[in-house]
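Note sheet for the following structure.
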2 protein chains.
Amino acid sequence: MAASEEQEARIQVRTITDLARLAGVSPGTVSRALAGKSLVNTKTREKIEALAREHGFRPNQMASGLRRQKTGVIGVVIPLGHDIRQQISDSFFMTLLGFLADELTTHGYDLMLRRVVPDDDADWLDRFIGSGMIDGVIVIGQSDQFDRIEEVADGYRSMVVWGNHQEGQRHCVVGTDNRLGGRLAAERLIAGGARKLAFLGDTGPMEFAARFAGAQDVAARMGLPSVLPLVTHLSPDRASEEIAKHLAAHFTAQGRDIDGIFAATDTLAALCLTELRAQGLAVPDDVKLIGFDDLPIARQTIPPLTTVRQDIAAGARGLVDLLLRRLGGETTESLVLPPELVVRETA
Amino acid sequence: MAASEEQEARIQVRTITDLARLAGVSPGTVSRALAGKSLVNTKTREKIEALAREHGFRPNQMASGLRRQKTGVIGVVIPLGHDIRQQISDSFFMTLLGFLADELTTHGYDLMLRRVVPDDDADWLDRFIGSGMIDGVIVIGQSDQFDRIEEVADGYRSMVVWGNHQEGQRHCVVGTDNRLGGRLAAERLIAGGARKLAFLGDTGPMEFAARFAGAQDVAARMGLPSVLPLVTHLSPDRASEEIAKHLAAHFTAQGRDIDGIFAATDTLAALCLTELRAQGLAVPDDVKLIGFDDLPIARQTIPPLTTVRQDIAAGARGLVDLLLRRLGGETTESLVLPPELVVRETA
DNA sequence: ATTCCTGTTGCAAACGTTTGCAGGATGATT
DNA sequence: AATCATCCTGCAAACGTTTGCAACAGGAAT
């Protein structure tokens, strides 16, 4: 008796069938017991649960997923546009990803992360969706793939995108009102006395384009010259020297073209601050500077950075909430979050 | 004819069987064709591939995974110890994660991310491994789970861990030589004239304990008083005030207990720098300060931070390389990476 | 004794792929 | 014409779960 029990314990129990044999019931019953269905006798269930615990048995998720046609996994995809190296280390996206992981876990979903380079692989989104591995997908950042995403959205409901909202778009998006954010920034710069504004960053990506446009709105409304775009890459290594060049070009012995800079992200703003200091320009006295995101770094620069805050946690909650509702069959509207001006000392 | 073709195109082709019907062959042949096996006639293959492209067909990964007993997915798990809120936004882990995503993608694997709170769920690692969803697992950070990881390693080969290496441990680990890093830091502080050293951070996690121990080694060898631990949480919000308190306690009107601070991470070092400045202490003249990691922020503080560099990209490469070799059946040794002192202006 | 619940279980067919094996062509060699 | 090797393809059995349906036991109601 003891011998046979020992032998039983030694037996590898990998499948529900193994466990069923041990418990002296059919596989179906084990499945129902483990799933907590009410149709199974309490004593049987307890016995099965005990055996499962004892042998450390876990049902195979692949098989379960195949049979039930759902996986309990949400795909999170980061499309990398032109500026490959940047995005992955981008603090903003990474922070968002962290919150997403939290939020999905809370709702019992796993997270499958995929980075794609759309240029190399036109099929990036379909491939992910069609793989059968995920119940739904969250796209982080529209990059330059707005049209592709729109197309896919027409035939696939279980998708939510982080990004910028455009009038009449068909895919469900969650994001900050970037244009309003741009307006807030420009207004603050101007209120501080700035008249010659510049926008630092890449105006290609939609979010940034909207921030730029917001600043333009204000400049136009106030009758100021239009905002000067200072184009840079986003990766810190390349951006530094690009910023230095821009500054050298616009702050010369003959004069200063710029007295207010709106940076597309806090990361760029921080770099810009360093460069301004290196070129002997005082912030905010000579130039006013304002960032975007309110990442932790904004509090640590010297002087601390005035910036436009995005509520990343709320964004993550929104993304997950909307996606789950879509999985449940609801039709959902996009969610536009309000930006908030955080006044510190650079503007 | 045209009508029937149109009808064909409209038909949803979800399964390999659908495609087989369209192509007029058996499912087996389609499977082989799509897998690129040599046993299938070139013309047949081309026809099948064309049809697959046309209908946007992708084989179901769940079914494939189930049948082949491998999924093409690597699990990445971040165990969160005491300090929950911190880790997920921790720049270091996030950067590592980014590189891991790159590296795994390059090798044709997908990445399944899971955050766990071991305190709530003693079973965290077995559950992930036993789910059948992943071919192998990378654990980012040992947290306080060293023993649990050791146990699991005895029965499961497809695991590699980022963390600290200990003499005689059984699990395969990749990580920086933290103790050596600690020594480098302390030596630099002392070479600059510091005699009363402090370690800023949590000495609980193994990596940090090793850094602390390294600093101790040097202090002892030089006959200096032992290194004073200044315990803080790692999340920026809590850490700031904790640091302020520590500083207030050790830099009083009566005198200064400390003239060299070794911070467990750059993030803490940057916060510390801010607090030192707030309390009117000059770096490096009054106090020398040195960080760990060489995150981007280290270059942007004022003055820029002297720190001990970890090669994160190499770490990610090592993790993936070792894991894949283990999947292939090899037995692998742990990989200990050398830290590198980066001298800037704070020490 | 018969009928009819109610609660619990077993049976077997899915889910969509992959793959060992056998078999059918085709052409080359005897 | 017979034999054989070479290619290619089809058949059917897996992979491990879930779940509709049928069946069975036991008890209550007729």
Margin query: Taking any heavy-atom pair under 4.0 Å as a contact, classify A:Ser31: base, sugar-phosphate, or nothing.
Written below: base
Checklist line | Side chain to side chain, B:Asp123 and B:Asp126, heavy atoms closer than 4.5 Å | finding: yes
Notebook entry, point to check: Who are the salt bridge (charged side-chain N to carboxylate O under 4.0 Å, His left out) partners of B:Glu330, not counting sequence neighbours?
Noted result: B:Arg325
Notebook entry, point to check: Restricting to pairs with a member in residues 150-162 of chain A, which pass salt bridge (charged side-chain N to carboxylate O under 4.0 Å, His left out), not counting sequence neighbours?
Noted result: A:Arg148-A:Glu151, A:Glu150-A:Arg170, A:Asp154-A:Arg170
Check: Which is true for B:Arg32 with a 4.0 Å heavy-atom rule: it touches a base, it touches only sugar-phosphate, or it touches nothing?
Finding: base
Next item on the list: Hey, could you give me each pair passing ring pair (Phe, Tyr, Trp, His ring centres under 6.0 Å) that has a residue in residues 104-156 of chain B? Not counting sequence neighbours.
Entry: B:Phe146-B:His171
Note to self: Could you work out, with side-chain contact (heavy atoms from CB on, under 4.5 Å) as the rule, every residue matching A:Pro59, not counting sequence neighbours?
What the structure shows: A:Phe57
Next item on the list: For DNA chain D, determine which residues of residues 129-137 of chain B have any heavy atom closer than 4.0 angstrom to one of its atoms, and list them numerically.
Entry: none
Check: To the nearest 10 degrees, what angle separates the axes at the start and end of the helix from C:dA1-D:dT30 to C:dT30-D:dA1, five pairs each?
Finding: 70°
Next item on the list: Under the salt bridge (charged side-chain N to carboxylate O under 4.0 Å, His left out) rule, collect the residues that match up with B:Arg326, sequence neighbours excluded.
Entry: none
Note to self: It should be established whether A:Thr29 places a side-chain nitrogen or oxygen under 4.0 Å from OP1 or OP2 of nucleotide C:dT8.
What the structure shows: no
Item checked: Nearest-Å distance for atom pair NZ/C1', residues B:Lys37 and C:dG20 -> 11 Å
Notebook entry, point to check: Taking only residues two or more places apart in sequence, or in another chain, which ones meet A:Glu46 in a salt bridge (charged side-chain N to carboxylate O under 4.0 Å, His left out)?
Noted result: none
Notebook entry, point to check: Of all nucleotides in DNA chain D with an atom under 4.0 Å from a non-hydrogen atom of chain A, which is the first and which the last going 5' to 3'?
Noted result: D:dG16 to D:dG20
Notebook entry, point to check: So which one's nearest nucleotide on DNA chain D is more toward 5', A:Arg14 or A:Gly28?
Noted result: A:Arg14
Margin query: How long is the straight-line distance from OG1 of A:Thr71 back to CD1 of A:Ile134, given to the nearest 0.5 Å?
Written below: 7.5 Å
Item checked: side-chain contact (heavy atoms from CB on, under 4.5 Å) partners of A:Ser31, counting only residues at least two apart -> A:Ile16
Item checked: For B:Asp147, all residues meeting salt bridge (charged side-chain N to carboxylate O under 4.0 Å, His left out), sequence neighbours excluded -> none
Under 3.5 Å, which donor-acceptor pairs link side chains of residues 61-70 of chain B to any protein atom two or more places apart or in another chain?
residue: B:Ser64; atom: OG; partner: B:Arg68; partner atom: NE; Å: 3.4

